[in-house]
Amino acid sequence: MKSRNENLKKNPSWLMLQISLVLTLFAWQNNSAQNTCATAIPINAGLYTIDVIDGTNIQTSCSTPNLAEWYVYTPTQNWNITITSDLPQNICKDTNFEVYTGNCGALICYTGDDDGGIIQCNSGANTNSYLSTKTFEVTAGTTYYINWNNQWNQTAGFDFQLIETAIVPNPCNTATTITAGITTVDAIDVPSFTTACSSATMAKWYKYTPTQNYQVTVSSDLAENICKDTNFSIYTGSCSSLTCIASDDNSGIIACNSGNTNSFLSTKTFIVNAGTTYYIVWDNKWSATGFNFQLTEAVIPPPRITYDSQTMTTTTSSYNLCIVDMNGDHKDDLVGVSGNSVKIHYQTDTPGSFAVVDFTVAGTSFMPSWSMAAGDFNKDGYNDLVLGSGSGLSLWRSNSTGTAYTNITPGEYIFCQRTNFADLNNDGNLDIFSCHDIAPNVYYLNNGAGGMTYYQSNTTGGAMNLDAGGGNYATLFTDFDNDGDTDVFISKCSGPPCQMFRYDGGNTYTNVSAMAGISITPIQTWSSAIADFDNDGDMDIIITASANAHHYFRNNFETTNTLSQFTEITLGSGWDTNTSTNIDNIAYDFDNDGFVDVLGGGNKIMFNQGDGTFAPTSYPISVGAVGDLNNDGFLDIQNGSTIRYAIPNGNNWLKVSLNGIQSNSNGIGARIEIYGAWGKQIRDIRSGEGFKYMSSLNGHFGLGTATSIDQVVVKWPSGIVDTYYNVPINTTLNTVEGSTLSVNNNANTTFKVYPNPAQNIISIQQSATAVASLAKAEIYDLNGRLILEKEMNNEQTISVQSLATGTYILLLVDSNANRYTQKIIKE
């Protein structure tokens, strides 16, 4: 038997193999040593490489990803340290880290960073930086665990650096405590440090801890400061981990009287919470000269709305998701769905009383495990239902009397999220839309004769551009550019940015997300709240988070007169400090004060204060279907078998119901404008609000203490505009498309109707330029009811002898399915 030495002499490659194996084992041990907190690699100042994130993470309040790489650092003296992946070699990568103290069995969140880097990506249209950097103080002898995790990335390795620098005393630690009143800043002369809000070199720090919730104003806009130039930021958190919640530079109004008439003074109003410490930091961005500032506290009045919760034992359906008018009487009904039945609680004339009818629906249907929508798909005056599941959708279509429902299940696989009825091609017929979670969005076009054709966005030949990827969770159809047609906003989850599509006519939708500035990342949202929150006549967006942070965007159409970049106004709005998240968020004026509020997570309503801020009020309420269930003008909320009836608070209101003739019969896609002492309010009629539920199709307006309405304008999808003057308050205005127009001012140029007024016969003369023949005529009364219907087969006359004397609306349909309306008078 050969000795080991002989083997080495005669076979040196065997020796190299053994050495290689040892080195490989050592390298594996060294590489895997950071795969758990217990085996974290000790590091000091320097540059380190992470090949891949494949270790085990520990779930904490500040970190939930499943994988992480661990390092441990124990400084030998007090330092300011910077941990950063914001290095040129990491360009376009996406990192996230947390820092802990304590021990592996009891970690304490200390600080961390996600997207604090500044090195912008240079690949494609993305110029964001998703790299991480954080500077903070450490104490000699304290152990710090540094955790790089796979929140956004796992396989793409990167470098990070730990830098030690001498401590510059943190002025936050010695901030001067203040209360409400005047404070004098002698000069801005204390060295400071860069934050998310300020890169100034000098600052003066103050801290304020309110004893109760207040609406606070911080202001240097005082007469004694005339012609001075100030700038401040406001933070919460600890001095080692500050969060910028508000700032202001030039919002003052006291004009300078020397050399210019500008005001460079600062003022900001925001909501504060009792017991929370706020750091108010005045810096030398423009000047180091001293000045006075004032902090004022105003008590936040509780919203003047309360709820009476009542259990309704008859709501026994599996899915109680819908409040909508189901019998055409303009009053909201409760709609519940089970396997083969739809149970409708029809609202009666007695407030809070319902007539319950359970309809059997034959066949196998998908159930609305994800969402439900309602609308009059077949335009017979009764609403139909779309049920969205994780496997596909079903349409439950009413008969012509609303007394039976038929199941239509097309069969295409769709991982449905939000479902909607919407007139996608503006042909007067409602189409069916569904967000698709794992593929491009889908829709079914309505041909107006009961047929529906399946399309998948950017996939099926001739399909519309309504998203090119998955992760689609909720869709809101609304008019962002005030051009009278419906655009689309899509909430995305798990990373992809939200999308906005502008409708440009026909089948054309244009992705304007980047131009509008709403395609921010990272974002996690299942739904968004969209309304005219500032009552300036255009639709704003609150991208409400299902995790992480909310983002509030103001539409600037009223100043630019075109769809342009939205302005993010989250800081100081109350949404920056709202840590409650939810998959479903809906926007309505719950207290009827004239400003749209938001119901979302945390069992609270974010009440719109009318000044750009929102104040939370807690209720034992979660998101559900919304409507007026006792016809008192205040919106009620359904949570399963519990109805939260709003108790009237003295504010006035208006409801508007719509009956479309040339447009779809619900008026979905219409815009309602009301004018009065408040200025202007707008609502868009949508089928499908938030993520899951279906709420009233009536337009609802709170009027506050206003006692009159000057004007109500309804802009229908067809382009017809109806105007009503001096509308009474605290009523329901029932509108019919074209009903306010005179006999001739909506006459079309394709067909001529005569005589008008008529006694027995009306004749229809087609213009020489018409390209399609007359196919059908329908006559409606001014309540929107279909009175007479006739297949024309290119005939030229209609008998109106059987009609009672009065005014009617004639709808003509040509052989190309184009629709034309004309007001007629029967003598």
Side-chain angles (χ1 to χ4, degrees), residues 34-35 37 40-41 43-55 57-73 75 79-101 107-123 126-138 144-165 193-199 235 237-244 494-495 497 520-524 545 547-549 551:
Q34 72 270 30
N35 280 354
C37 179
I41 290 182
I43 62 173
N44 296 304
L47 184 69
Y48 299 88
T49 297
I50 295 177
D51 294 326
V52 64
I53 296 176
D54 58 1
N57 195 21
I58 296 175
Q59 303 289 303
T60 68
S61 60
C62 57
S63 179
T64 57
N66 61 329
L67 300 177
E69 299 297 301
W70 293 85
Y71 300 85
V72 63
Y73 165 69
W79 291 109
N80 259 344
I81 73 163
T82 299
I83 296 175
T84 184
S85 64
D86 195 35
L87 307 170
Q89 61 264 40
N90 295 331
I91 191 168
C92 295
K93 294 183 178 180
D94 196 348
T95 61
N96 184 78
F97 75 86
E98 310 295 340
V99 178
Y100 300 96
T101 56
L107 293 171
I108 300 169
C109 295
Y110 186 69
T111 188
D113 187 67
D114 187 3
D115 297 328
I118 61 173
I119 296 176
Q120 293 183 332
C121 184
N122 59 358
S123 175
N126 181 9
T127 59
N128 298 315
S129 175
Y130 299 130
L131 298 171
S132 312
T133 188
K134 190 76 172 185
T135 299
F136 54 97
E137 289 186 13
V138 293
Y144 299 86
Y145 292 91
I146 302 164
N147 163 305
W148 294 90
N149 57 57
N150 70 326
Q151 179 167 342
W152 307 116
N153 172 58
Q154 176 181 349
T155 58
F158 58 91
D159 293 342
F160 76 92
Q161 191 170 15
L162 189 153
I163 304 166
E164 296 172 333
T165 57
F193 54 90
T194 297
T195 70
C197 278
S198 174
S199 59
Y235 305 88
S238 66
C239 287
S240 61
S241 182
L242 293 166
T243 300
C244 181
S494 303
I520 57 171
T521 54
I523 192 75
Q524 290 191 50
N548 299 326
H551 296 271

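As the structure is a computational prediction, the values presented were derived from the model and not from experiment. We number each residue from 1, following the sequence as shown.
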| task | Identify, with sequence neighbours excluded, every residue that meets side-chain contact (heavy atoms from CB on, under 4.5 Å) alongside T135. | result | T82
| message | Going by the rule side chain to side chain donor-acceptor pair (under 3.5 Å), which residues pair with T165 if we only count those two or more places apart in sequence or in a different chain? | response | none
| remark: Between I58 and C37 the two heavy atoms that sit nearest each other are CD1-CB, 3.8 Å
| All side chain to side chain donor-acceptor pair (under 3.5 Å) counterparts of T95, not counting sequence neighbours | S85, S132
| Taking only residues two or more places apart in sequence, or in another chain, which ones meet Q161 in a side chain to side chain donor-acceptor pair (under 3.5 Å)? | none
| task | Establish, from distance only, whether the side-chain atoms of Y73 and E164 form a donor-acceptor pair under 3.5 Å. | result | yes
| message | Has D86 got a side-chain atom pairing as donor or acceptor with L131's backbone, closer than 3.5 angstrom? | response | no
| query | Listed by chain and number, what are the side-chain contact (heavy atoms from CB on, under 4.5 Å) partners of L67, not counting sequence neighbours? | reply | I53, N150, Q154
| field | Sub-4.5 Å side-chain heavy-atom contact between Y71 and I50 | value | yes
| Between Q59 and P65, which heavy-atom pair has the shortest distance, and what is it? | NE2-O, 2.8 Å
| Residues in side chain to side chain donor-acceptor pair (under 3.5 Å) with D115, at least two apart? | none
| Minimum-distance pair of heavy atoms, taken over all atoms of L87 and D159 | CD1-O, 3.9 Å
| task | Name all residues meeting the ring pair (Phe, Tyr, Trp, His ring centres under 6.0 Å) criterion together with F97; count only those two or more places apart in sequence or in a different chain, and write none if there are none. | result | W148
| said: Are the side chains of E137 and C239 in contact, using a 4.5 Å heavy-atom criterion? | reply: no
| note | Heavy-atom closest pair (Y235 atom, T195 atom, distance to 0.1 Å) is OH-OG1, 2.5 Å
| field | Any N548 side-chain heavy atom under 4.5 Å of Q151 side chain | value | yes
| task | Applying side-chain contact (heavy atoms from CB on, under 4.5 Å), name anything that partners A547, two or more places apart in sequence or on another chain. | result | Q524
| remark: Output for pair (L162 CG, Y144 OH), nearest 0.5 Å, gives 11.5 Å
| query | About how many Å separate CD1 of I119 and NZ of K93, when rounded to the nearest 0.5 Å? | reply | 12.0 Å
| C109 and S61: which non-hydrogen atoms are nearest, and at how many Å? | SG-OG, 3.6 Å
| task | For residues E69 and D54, report the shortest heavy-atom separation together with the two atoms involved. | result | OE2-N, 2.9 Å
| Pairing residues for A68 by the side-chain contact (heavy atoms from CB on, under 4.5 Å) criterion, not counting sequence neighbours | N57, W70, N147, N149
| Residues that F136 engages under ring pair (Phe, Tyr, Trp, His ring centres under 6.0 Å), provided they are two or more places apart | Y110
| task | For E98 and I146, indicate whether the former's side chain and the latter's backbone hold a donor-acceptor pair under 3.5 Å. | result | no
